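Below: one structure in structure tokens.
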Amino acid sequence: MNKIAIALHGGAGTILKKRITPAKEAAYKKVLKHALDVGYAALEQNKTAVEAVELSIIEMENSPLFNAGKGSVFTNKGTHEMDASIMEGKTLNAGAATLLHNIKNPVSLARLIMEKSEHVMLAGEGAMEFAKKMKCKFEPDRYFYDEFRYQQWIKIKDSEKVQLDHSVNKKIGTTGAVALDVYGNLAAGTSTGGVTNKKTGRIGDSPIIGSGTYANNKSCAISCTGNGEFFIRSVAAYDISCLMEYKGMSLNDACHEVINNKLLKLGGEGGLVGIDANGNIAVSFNSEGMYRAYKQSGKSAVTAIYKE
Ligand code: ASP
């Protein structure tokens, strides 16, 4: 059988072992492992990398532990605005949705935009209208409410501060997945609630093709997490692809260059998961930790949180 592989992240940030209870750690690992198993099983059943990426991200969107879908962070007006994107490495087709509310699974809407519309990116009410037409599942505001994230917002709501959902004692984080399917095709997807207390209308890197998400069979598939503004400014995901395609760098070296050199120099914190056409996986982050899980055919599954 051809190689298959999948890697996920659930956010990067100041994640220190001493600050996380064993019960919390186990809870995160359980959802990550389940999301990984769902995506990997899809690949084993000869489903496409796009399908596997969507299925894995849905599992994380449905868990309030992660800042995507249910449990998304709050804007400066106490609302939710979610972003998601997905990309297929074979065709360079892509779909993205931003400024969403009440959509249960933003990543599925991103996929529908990719597959059923003439566009790459839809925002706000137009995106919601399309979602209704496509019969996407909607949920009431209370479904997305999470007490912990509400308290996070209450603490800073009267300031101009924004906060990554990524620091000590905070629930974490943005979700993403990359996969290689049995046909040799790559895909990447990312889904997030953004950053706490962001101005309404703020769009981060997650729905921006080339910044938070990118996939190209010639190079790699990448999903990022961290301070979105820095990932946008460094066009992070596409930069990794370019370093591989035009400079012949390995996946690992290219990820290292962008995360630990370029991004750090700008002052950006975060990480990513990446995969190449040979099924090599990279997990790179310049923060204390990143929730992550991966599995390659013939190897055991790995779930990890902290720096090794
Ligand atoms: N990158 C996301 C954003 O800026 C946040 C995150 O990864 O937690 O919206």
Side-chain angles (χ1 to χ4, degrees), residues 7-15 28 32 57 60-61 63-76 79-86 96-101 106-107 110 121 123 146 148-149 152-153 156 161-178 188-214 222-240 258-259 263 266-274 283-292 305:
L8 323 177
H9 70 73
T14 316
I15 312 166
Y28 277 109
L32 279 171
I57 293 177
M60 294 187 279
E61 286 179 339
S63 163
L65 290 177
F66 297 97
N67 170 25
K70 185 180 175 72
S72 285
V73 297
F74 288 84
T75 67
N76 65 346
T79 56
H80 298 292
E81 286 184 352
M82 301 173 286
D83 306 326
S85 63
I86 197 159
T98 180
L99 306 177
L100 306 173
H101 54 87
V107 70
M121 190 172 200
D146 178 78
F148 191 94
R149 293 216 162 83
Q152 265 183 350
W153 172 64
I156 61 168
K161 263 205 272 179
V162 297
Q163 183 173 287
L164 257 187
D165 188 50
H166 277 188
S167 36
V168 180
N169 282 339
K170 304 288 187 297
K171 282 189 176 184
I172 294 173
T174 287
T175 64
V178 293
T190 311
S191 178
T192 188
V195 289
T196 296
N197 209 35
K198 64 183 179 180
K199 288 188 173 45
T200 51
R202 178 264 188 190
I203 299 170
D205 61 315
S206 308
I208 297 184
I209 297 302
S211 292
T213 303
Y214 193 71
I222 302 287
S223 170
C224 301
T225 172
N227 304 110
E229 281 70 9
F230 293 90
F231 284 81
I232 294 173
R233 288 165 57 204
S234 54
V235 202
Y238 183 62
D239 201 21
I240 291 165
V258 170
I259 293 296
L263 206 75
L266 284 180
E269 184 190 4
L272 56 81
V273 287
V283 285
S284 242
F285 49 97
N286 62 29
S287 47
E288 292 299 331
M290 181 169 79
Y291 287 94
R292 58 199 188 274
I305 299 177

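Every value quoted in this text rests on a predicted model; they were computed, and no experiment measured them. Remember, it's 1-based here, ligands and their atoms both numbered in the order they're listed. Computed over heavy atoms, backbone and side chain alike; hydrogens, waters and symmetry mates excluded.
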Considering the heavy atoms of T225, write down every atom of ligand 1 situated less than 4.0 Å from one of them.
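Close to T225: 6 (C), 7 (O), 8 (O).
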Below 4.0 Å from ligand 1: does a non-hydrogen atom of G11 turn up there or not?
no
Pair E229 + R202: basic N to acidic O under 4.0 Å
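Answer for the salt bridge query: yes.
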Kindly list each side-chain donor-acceptor pair under 3.5 angstrom involving residues 203-212, sequence neighbours excluded, with atom names and distances?
none

Aromatic plane relationship, Y28 with F66 - under 30° parallel, 30 to 60° tilted, over 60° perpendicular
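The rings of F66 and Y28 stand perpendicular, inter-plane angle above 60°.
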Taking only non-hydrogen atoms of S206 and a 4.0 Å limit, the atoms of ligand 1 in range are 1 (N), 2 (C)
If the condition is salt bridge (charged side-chain N to carboxylate O under 4.0 Å, His left out), which residues does E288 pass it with, not counting sequence neighbours?
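Salt bridge (charged side-chain N to carboxylate O under 4.0 Å, His left out) check on E288 returns nothing, list empty.
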Quick check on contacts: which atoms of ligand 1 are under 4.0 angstrom from a heavy atom of G194?
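Selected atoms, number and element: 5 (C), 9 (O).
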Mind checking whether E229 has a heavy atom under 4.0 Å from ligand 1?
no
Judged by modelled atom types alone, do T213 and S223 share a side-chain donor-acceptor pair under 3.5 Å?
no
Beyond-backbone contact of K199 with T75, side-chain heavy atoms, under 4.5 angstrom:
no
Which of the numbered atoms in ligand 1 are under 4.0 angstrom from any heavy atom belonging to D205?
1 (N), 2 (C), 3 (C), 4 (O)
Below a 4.0 angstrom heavy-atom separation, can you tell me which part of M82, side chain or backbone, both or neither, approaches ligand 1?
neither
